[in-house]
Amino acid sequence: MEEVIEPRLYCCSNCRNYVALHDDVISKAFQGKSGRAFLFCHAVNITVGAKEDRELMTGLHTVADVYCSDCHEVLGWKYERAYEESQKYKEGKFVLEKAKIVRENCY
């Protein structure tokens, strides 16, 4: 019998809505408003808020808060634009705060 390998998922800690795959984690060395955060290349089941310029630890960026599409909890933000060349790799990527997500099989 063939073993079924289920993907490791990250879910909203409030409502358990699936928001990202563990395989999409780029870095676990980010800092959010509430502590440790992860950088993801993709996120799903989220809504993206209005863009705004924010001075972050690595300089000025245009970001937009991201919310769970089910419960509307703020989960982190999306990098829309990085002004410094060394930070351009973040553009289009998502930071999800560890305190706002849980790793599990959400279904």
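Computed over heavy atoms, backbone and side chain alike; hydrogens, waters and symmetry mates excluded. Predicted model only: the values in this text are computed from it and were never measured.
In the hydrophobic clustering (ILVMFWY side chains linked at under 4.5 Å, chained through shared members), Tyr79 is joined by Ile26, Phe30, Leu39, Leu56, Val63, Trp77, Tyr89, Val95.
Annotation for Val19 and Asn45: closest pair CG1-O, 4.1 Å, computed over non-hydrogen atoms. Minimum heavy-atom separation, Asn17 to Cys68: ND2-SG, 3.5 Å. Shown here for Ala20 and His42, the closest heavy-atom pair between the two residues is CB-O, 4.1 Å. The nearest pair of heavy atoms linking Glu84 to Gly59 is OE2-CA, 3.9 Å. Annotation for Ala64 and Gly49: closest pair CB-O, 3.4 Å, computed over non-hydrogen atoms.
Applying the side-chain hydrogen bond (donor to acceptor under 3.5 Å, both in side chains) definition to pairs two or more places apart or across chains, those involving residues 19-34 are Arg8-His22, Tyr10-His22, Ser34-Glu97.
The side chain to side chain contact (heavy atoms under 4.5 Å, CB included) check on Tyr67 picks up Thr47, Asp65, Val74, with sequence neighbours excluded. Checked against side chain to side chain donor-acceptor pair (under 3.5 Å), Tyr83 has the following partners two or more places apart in sequence or in another chain: Asp53, Thr62. Lys51 meets the salt bridge (Lys or Arg N to Asp or Glu O under 4.0 Å) test with no other residue; sequence neighbours excluded. Contacts of Glu73 classified as salt bridge (Lys or Arg N to Asp or Glu O under 4.0 Å), with partners at least two apart in sequence or in another chain: Lys100.
Under 4.0 Å is where a charged nitrogen must lie from a carboxylate oxygen, and between Lys88 and Glu91 at least one such pair does.
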